[in-house]
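The model shown is predicted, which means the values in this text are computed figures rather than measured ones. Values below: all heavy atoms of this structure, side chains included; hydrogens, waters and symmetry mates excluded. Chain letters run A, B, ... following the sequence lines, proteins first and then strands; every chain starts at 1.
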There are 2 protein chains.
Amino acid sequence: MDPRIKDHARVLVDDCAGIEAGDQVAVRASPESEDLTVAVAELVGERGGVVSVSFGSKRASRAHSLAADEETLATENAMALAKYEAADAVVQIRGGANLNETGDVPPAKNAASKRANQAVQEALLDSKWVLTQWPSTGYAQKAEMSTEAYEDFVWNAVNKDWDAVREHQAQLVELLDPADEVRIVSGDATDVTMSVAGNPARNDADDNNMPGGEVFTAPVPDSVKGEVLFDKPVIIQGREVLDVRLVFEGGEVVEHEASKNEELLTSLLETDEGARRLGELGIGMNRDIDRFTYNMLFDEKMGDTVHMDMSEDSRIEVDGEVVQQDGTFVFEDGFGE
Amino acid sequence: MDPRIKDHARVLVDDCAGIEAGDQVAVRASPESEDLTVAVAELVGERGGVVSVSFGSKRASRAHSLAADEETLATENAMALAKYEAADAVVQIRGGANLNETGDVPPAKNAASKRANQAVQEALLDSKWVLTQWPSTGYAQKAEMSTEAYEDFVWNAVNKDWDAVREHQAQLVELLDPADEVRIVSGDATDVTMSVAGNPARNDADDNNMPGGEVFTAPVPDSVKGEVLFDKPVIIQGREVLDVRLVFEGGEVVEHEASKNEELLTSLLETDEGARRLGELGIGMNRDIDRFTYNMLFDEKMGDTVHMDMSEDSRIEVDGEVVQQDGTFVFEDGFGE
């Protein structure tokens, strides 16, 4: 077994979930991830935990969804609910061979299943849970990478000294936490300002997502103003929307455009009141995530991004002081050079 | 998909488990059986049932068992218990690629896991449950057959008109049910007599095992006398014991011998008081099971066997009347010819 798989398991079991003797640990994984699942099960055993391993089947899920009516699909899954309510910890391992396996299930049926799954999700969030990624062929293809290169990418992003990461990121938390105003400037197209006064900054390291590596806070409603160009694709309903440009006034998007699939962006913004507002300011700090892979679990922690890319000529200002310039933070070597 | 897989699913969902609208259906399967699992999930959806599909991992189970101590392994799996208690029906599909995957787990650890699993088994037996077989490579190899030949074997034994089977078998039930004494004679080496007075005869067709195809009853304790030669291998602790010969007196085995691994037979008989007694008289009636495959799910329903093979010169007598001669029942064409 690749030694990086055992390292990955240790990060999940010890760092993220903190499995202890007597814990009931549910592992929900894709069949492709059996090696990582074996390593997790072994470590749970060493820690004195009980384990319940189950691989899902997207093909079976699709077949059931196509055959069942919406009423059936909206029925609560009492089995899954009971199981996750009984679990102290849940380890979820994504990674399929074909990411489009359930792509032809009608949206109304997906919506019904999602409603039925709500209580299960809540039970899951109520446990010590961690979501991670197996470097499967399907996700490698989505990332436009060879499987071996994608393995390197995933394990470089996951297998690290997370105590050191948390400590490093804490320096940004300390800058953002007491801050009033944050301004983000990138090239000519992005210049946006918002208040974060009173909102705590969070340090995401070895927590519920693995890889982690993000510092995030929330803007004060109504305070966001300026314009943003997203130079990475925005994925809406599984489709790419390119060169998204948003103009904010009084916290709301008042202008928008895109060079491809603009109508998807329009319909997203018109979903409800909240859809026009910025919910989170997240600053990616995992520099081993050095490329966009069409996978939010990684993309949002991409180094030197603000859930949008920072170009070479960029800066983040906190209360008028520059805290990041061209990708280097004020607390890092090389700042201002 | 092979059309026999859809037939197999229909037998499981409709004939055996009788899935109805609103049923919570747990499918616990080996990953190799995904095609059958997909067909089952589809049919459960058509019937209006909720489904929870999970594939197990023998490798993960082995890794956990080797790493955990006995105390951990003896801890109740509250997750599995909660899940199966919430299930109205459970479909279990066996079929691995390597039947020895957990073969190197120490017996004491297996025993601890078995104890921990007791309540889960009871919850499972309390549901509409069915256990069946996927024609996997591992089981084909165990049966000493090619995978394609084993597929034919499994689906011939499973895919049939089970109402007609039940009706046919009912004729033997009617003979055994009111009977006092049963005598089984085969060649020179088997001649055993037992009372079945007061014990009902059961008709196993499309019930909890698929394939089914057996009529069984229980002998009165102390009544079994005579001798039996098992001309098929008896499997004890995963090892073959050959040419087992037992002599019964007053319901107990008083003499035993075997040509290979006799010491395993000896230790089995010395386990406890009950180990020396015959618990069940089962008569296999599924003639599509025409060979021994080292798999009790099939072997015990093998046509013309009494959980031991009937040779060409054999008979079953009920209260002194011959009801089966050389493999043909009294209610079948060709009897006595």
Side-chain angles (χ1 to χ4, degrees), chain A residues 9 21-31 33-69 71-88 90 116 120, chain B residues 9 21-31 33-69 71-88 90 116 120:
Chain A
D23 276 349
Q24 299 271 335
V25 184
V27 181
R28 179 78 180 169
S30 68
S33 73
E34 187 165 21
D35 278 354
L36 179 56
T37 304
V38 168
V40 166
E42 180 174 34
L43 215 47
V44 169
E46 281 179 19
R47 300 292 174 265
V50 176
V51 80
S52 171
V53 168
S54 62
F55 297 127
S57 167
K58 295 279 188 198
R59 285 181 52 214
S61 170
R62 170 187 177 274
H64 181 263
S65 292
L66 290 179
D69 57 23
E71 190 190 337
T72 300
L73 293 173
T75 305
E76 185 169 87
N77 189 317
M79 299 167 288
L81 183 58
K83 176 178 173 177
Y84 290 114
E85 280 180 344
D88 299 305
V90 180
V120 176
Chain B
D23 276 348
Q24 299 271 336
V25 184
V27 181
R28 179 79 178 168
S30 68
S33 74
E34 187 165 21
D35 279 353
L36 178 56
T37 304
V38 168
V40 166
E42 181 175 34
L43 214 48
V44 169
E46 281 180 19
R47 299 294 174 263
V50 176
V51 81
S52 171
V53 168
S54 62
F55 297 128
S57 167
K58 295 279 187 197
R59 284 180 54 212
S61 169
R62 170 185 177 276
H64 181 262
S65 292
L66 289 180
D69 57 23
E71 190 190 336
T72 299
L73 293 174
T75 306
E76 184 169 87
N77 189 318
M79 299 167 289
L81 182 59
K83 177 178 172 177
Y84 290 114
E85 280 180 344
D88 299 304
V90 180
V120 176

What closest approach, in Å, do B:Thr72 and A:Val50 show between heavy atoms, and which atom pair accounts for it?
O-CG2, 4.2 Å

What option among B:Ala68, B:Ala39, B:Ala60 has the most heavy-atom pairs under 4.5 Å with chain A?
B:Ala60

A:Ser61, A:Ala87, A:Ala63: which one forms the most heavy-atom pairs within less than 4.5 Å of chain B?
A:Ala63

Who wins among B:Glu85, B:Arg47, B:Glu42 for the most heavy-atom pairs under 4.5 Å with chain A?
B:Glu42

Determine yes or no for a side-chain-to-main-chain donor-acceptor pair under 3.5 angstrom, with A:His64 supplying the side chain and B:Gly49 the backbone.
yes

Tell me whether B:Gln24 contacts the main-chain N or O of A:Glu76 through its side chain, where contact means a donor paired with an acceptor under 3.5 Å.
yes

Shortest non-hydrogen pair, A:Ala82 vs B:Lys83, comes out as CB-N, 4.3 Å

Which one of B:Thr37, B:Val40, B:Asn77, B:Thr75 has the most heavy-atom pairs closer than 4.5 Å to chain A?
B:Asn77

Closest non-hydrogen atom pair, A:Ser57 against B:Val53:
CB-CG1, 4.1 Å

With a 4.5 angstrom heavy-atom cut-off, is it the side chain or the backbone of A:Glu71 that approaches chain B, or both, or neither?
neither

For B:Ala86 and A:Ala78, the nearest pair of non-hydrogen atoms, with its separation, is CB-O, 3.5 Å

Between A:Val25 and chain B, which part of the residue has a heavy atom less than 4.5 Å away: side chain, backbone, both or neither?
backbone

Among A:Val27, A:Val51, A:Leu73, who wins on heavy-atom pairs under 4.5 Å with chain B?
A:Val51

Does B:Arg59 reach the side chain of A:Asp35, with side-chain heavy atoms less than 4.5 Å apart?
yes

Is chain B contacted by the side chain of A:Asp88, its backbone, both, or neither, given a heavy-atom distance below 4.5 Å?
neither

Under a 4.5 Å cutoff for heavy-atom pairs, which residue among B:Pro31, B:Gly22, B:Ala41 has the most contacts with chain A?
B:Ala41

Under 4.5 Å from any heavy atom of chain B - which part of A:Arg28:
side chain

Quick one: closest heavy-atom pair of A:Met79 and B:Ala26, and the distance?
SD-N, 3.4 Å

Looking at B:Ala67, B:Ala116, B:Ser52, which has the largest count of heavy-atom pairs under 4.5 Å with chain A?
B:Ala67

Below 4.5 Å, heavy-atom pairs only: which of A:Ala21, A:Gly48, A:Ala29 has the largest tally toward chain B?
A:Gly48

